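The structure under discussion appears below in the form of structure tokens.
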Amino acid sequence: ARPQQLRAAFAPLLRRCLSTEAGEEVSDRKKREKRLIWRAKCRGWLELDVLMGTFTEKNITSFDDAKLDMLEEILELENPDLIKWFTGQAPVPEELMENQVMKELMQYVKSDHGSGIHDK
């Protein structure tokens, strides 16, 4: 299917996700949070969907706009790189560890999974 067809097919679902049960208009902030949660939970790799989705759901309401920007930067990263960093197969690049949300995410991985998740 072409991208336009996919967008049209998913538009009603997206509208429902971005609205409240009472049909009220949702704030831009809330829309952004829901979009970021969606992106964190729907990466296409089950391990990342669970890990990043859970982390995001637990923390997103406490993030200010700057941290939401940092989260968005992380969500732009490639799945193979994230898995390597989370499993300890490769070190997280220093410049990426300057991202406060990445630091928190790595702490979350270690606290929730000991020394990290292991790809066996």
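Computed from a predicted structure; not experimentally measured.
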*Only counting residues at least two apart or in another chain, list the ones meeting ring pair (Phe, Tyr, Trp, His ring centres under 6.0 Å) with Phe55.*
Tyr108
*asked:* Under the rule for salt bridge (Lys or Arg N to Asp or Glu O under 4.0 Å), what residues qualify as partners of Lys67, not counting sequence neighbours?
replied: Glu104
_Any residue meeting side chain to side chain contact (heavy atoms under 4.5 Å, CB included) with Thr61, in chain and number order, not counting sequence neighbours_ = Glu33
*For residues 93-103, which residue pairs qualify under salt bridge (charged side-chain N to carboxylate O under 4.0 Å, His left out), counting only residues two or more places apart or in two chains?*
none
*Looking at residues at least two apart in the chain, or sitting in another chain, which of them share a salt bridge (Lys or Arg N to Asp or Glu O under 4.0 Å) with Asp28?*
none
*Give the intermediate values and the outcome of side chain to side chain contact (heavy atoms under 4.5 Å, CB included) for residues Leu96 and Trp85.*
CA-CA 11 Å; Leu96 191 52; Trp85 299 328; 3.4 Å; yes
*If two hydrophobic side chains count as joined below 4.5 Å and joins carry through other members, does Leu105 share a cluster with Met97?*
yes
_Derivation of the side chain to side chain contact (heavy atoms under 4.5 Å, CB included) call for Asp64 and Leu68_ = CA-CA 6 Å; Asp64 59 14; Leu68 289 179; over 6 Å; no
*asked:* Once salt bridge (Lys or Arg N to Asp or Glu O under 4.0 Å) is applied, do any residues pair with Lys41, and if so which ones, sequence neighbours excluded?
replied: Glu57
*How would you list, by chain and number, every residue that makes a side chain to side chain donor-acceptor pair (under 3.5 Å) with Asn59, sequence neighbours excluded?*
none
_Separation of Met102 CE from Ile74 CD1 (nearest 0.5 Å)_ = 5.5 Å
_Trp45-Leu36 co-clustered via ILVMFWY side chain contacts under 4.5 Å_ = yes
*Kindly state each residue pair satisfying salt bridge (charged side-chain N to carboxylate O under 4.0 Å, His left out) with at least one member in residues 72-85, sequence neighbours excluded.*
Arg32-Glu72, Arg35-Glu72, Arg39-Glu72, Arg39-Glu76
*Is there a donor-acceptor contact under 3.5 Å from the side chain of Asn79 to the main chain of Gly44?*
no
*Show your working on side chain to side chain contact (heavy atoms under 4.5 Å, CB included) between Met106 and Phe86 and close with a plain yes or no.*
CA-CA 7 Å; Met106 292 305 294; Phe86 295 158; 3.5 Å; yes
*Do the side chains of Asn99 and Leu71 get nearer than 4.5 Å, heavy atoms only?*
no
*asked:* Could you report the tightest heavy-atom contact between Arg43 and Leu82, atom names first, then the distance?
replied: NH2-CD1, 3.4 Å
*Can you hop from Leu77 to Val109 via hydrophobic side chains spaced under 4.5 Å?*
yes
_From CD (Gln100) to CZ (Phe63), nearest 0.5 Å_ = 9.0 Å
_Atom of Ala40, atom of Thr56 and distance for their closest heavy-atom approach_ = CB-OG1, 3.3 Å
